[in-house]
Amino acid sequence: QVQLVESGGGLVQPGGSLRLSCAASGFTSDEYALGWFRQAPGKEREGVSCINEPDNEIYSLDSVQGRFTISRDNAKNTVYLQMNSLKPEDTGVYYCAAYPWFTRSWAMCSGEMSNLLSWGQGTQVTVSS
């Protein structure tokens, strides 16, 4: 069973940066996908950025392109989300997610696979002055 442990959330001023980390374990295949989702107060959860293995294909939400970067360290089984130029509308609980088989990154982030994903516990990101 895939397990995910997140870290790195917090309070930051608009324009600031944060890096989220998610340590993953329990994969039985070399083909899998990892991603970050977020849920703002009163809104539905949305896929922010996803990356798959082995293609290293990346999908990112339009509103975060150029500001957020997803990356992966296979040696540490860890996926990161570097968030720069943060805006108040980026506030929410950020969840790491995993799919233990091959899938396209855009498919994972679409939300249609949500019931098939393993989820982390979530970490709060608050962007406020």
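In this chain, residues are counted from 1 in sequence order.
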Keeping the roles fixed (side chain from [X], backbone from [Y]), state whether a donor-acceptor pair exists under 3.5 Å.
{"X": "Glu6", "Y": "Gly122", "answer": "yes"}
{"X": "Thr78", "Y": "Ala23", "answer": "no"}
{"X": "Asn52", "Y": "Glu57", "answer": "yes"}

For residues [X] and [Y], determine if any side-chain heavy atom of one lies less than 4.5 Å from a side-chain heavy atom of the other.
{"X": "Ile51", "Y": "Trp36", "result": "no"}
{"X": "Leu34", "Y": "Tyr32", "result": "yes"}
{"X": "Leu11", "Y": "Ser128", "result": "yes"}
{"X": "Arg67", "Y": "Asp90", "result": "yes"}
{"X": "Leu61", "Y": "Phe68", "result": "no"}
{"X": "Met83", "Y": "Val64", "result": "no"}
{"X": "Pro14", "Y": "Pro88", "result": "yes"}

Minimum heavy-atom distance between [X] and [Y], given as atom pair plus value:
{"X": "Arg38", "Y": "Ser63", "value": "NH2-OG, 3.7 Å"}
{"X": "Leu4", "Y": "Ala24", "value": "CD2-CB, 3.6 Å"}
{"X": "Asn115", "Y": "Glu112", "value": "OD1-O, 4.1 Å"}
{"X": "Val125", "Y": "Leu18", "value": "CG1-CD1, 3.9 Å"}
{"X": "Ser118", "Y": "Val2", "value": "OG-CB, 3.7 Å"}
{"X": "Ser85", "Y": "Ser17", "value": "N-OG, 4.4 Å"}

Given side-chain contact (heavy atoms from CB on, under 4.5 Å), test Thr123 with Ser7 step by step and report yes or no.
CA-CA 7 Å; Thr123 185; Ser7 61; over 6 Å; no

Looking at [atom1] of [X] and [atom2] of [Y], how far apart are the two atoms once the value is rounded to the nearest 0.5 Å?
{"X": "Glu31", "Y": "Thr28", "atom1": "CD", "atom2": "OG1", "answer": "11.5 Å"}
{"X": "Ile70", "Y": "Gln82", "atom1": "CD1", "atom2": "CD", "answer": "12.0 Å"}
{"X": "Ser29", "Y": "Glu53", "atom1": "OG", "atom2": "CD", "answer": "9.0 Å"}

Using a 4.5 Å side-chain heavy-atom cut-off and chaining through intermediate ILVMFWY residues, the residues clustered with Tyr80 come out as none

Excluding Leu117, membership of its hydrophobic cluster (Ile, Leu, Val, Met, Phe, Trp, Tyr; side-chain heavy atoms within less than 4.5 Å) reads Phe37, Val93, Tyr95, Tyr99, Trp101, Met108, Met113, Leu116, Trp119

Would Val79 and Cys96 satisfy side-chain contact (heavy atoms from CB on, under 4.5 Å), going step by step from the backbone distance to the final call? CA-CA 9 Å; Val79 63; Cys96 179; 4.0 Å; yes

Step through the shown structure and confirm whether more than 12 heavy atoms of other residues, nucleotides or ligands are within 6.0 Å of [atom1] on [X].
{"X": "Gln3", "atom1": "CD", "answer": "no"}
{"X": "Asn74", "atom1": "CG", "answer": "yes"}
{"X": "Gln121", "atom1": "CD", "answer": "yes"}

When Ser71, Ser105, Ser60 are each screened for side chain to side chain donor-acceptor pair (under 3.5 Å) with Ser49, the one that passes is Ser60

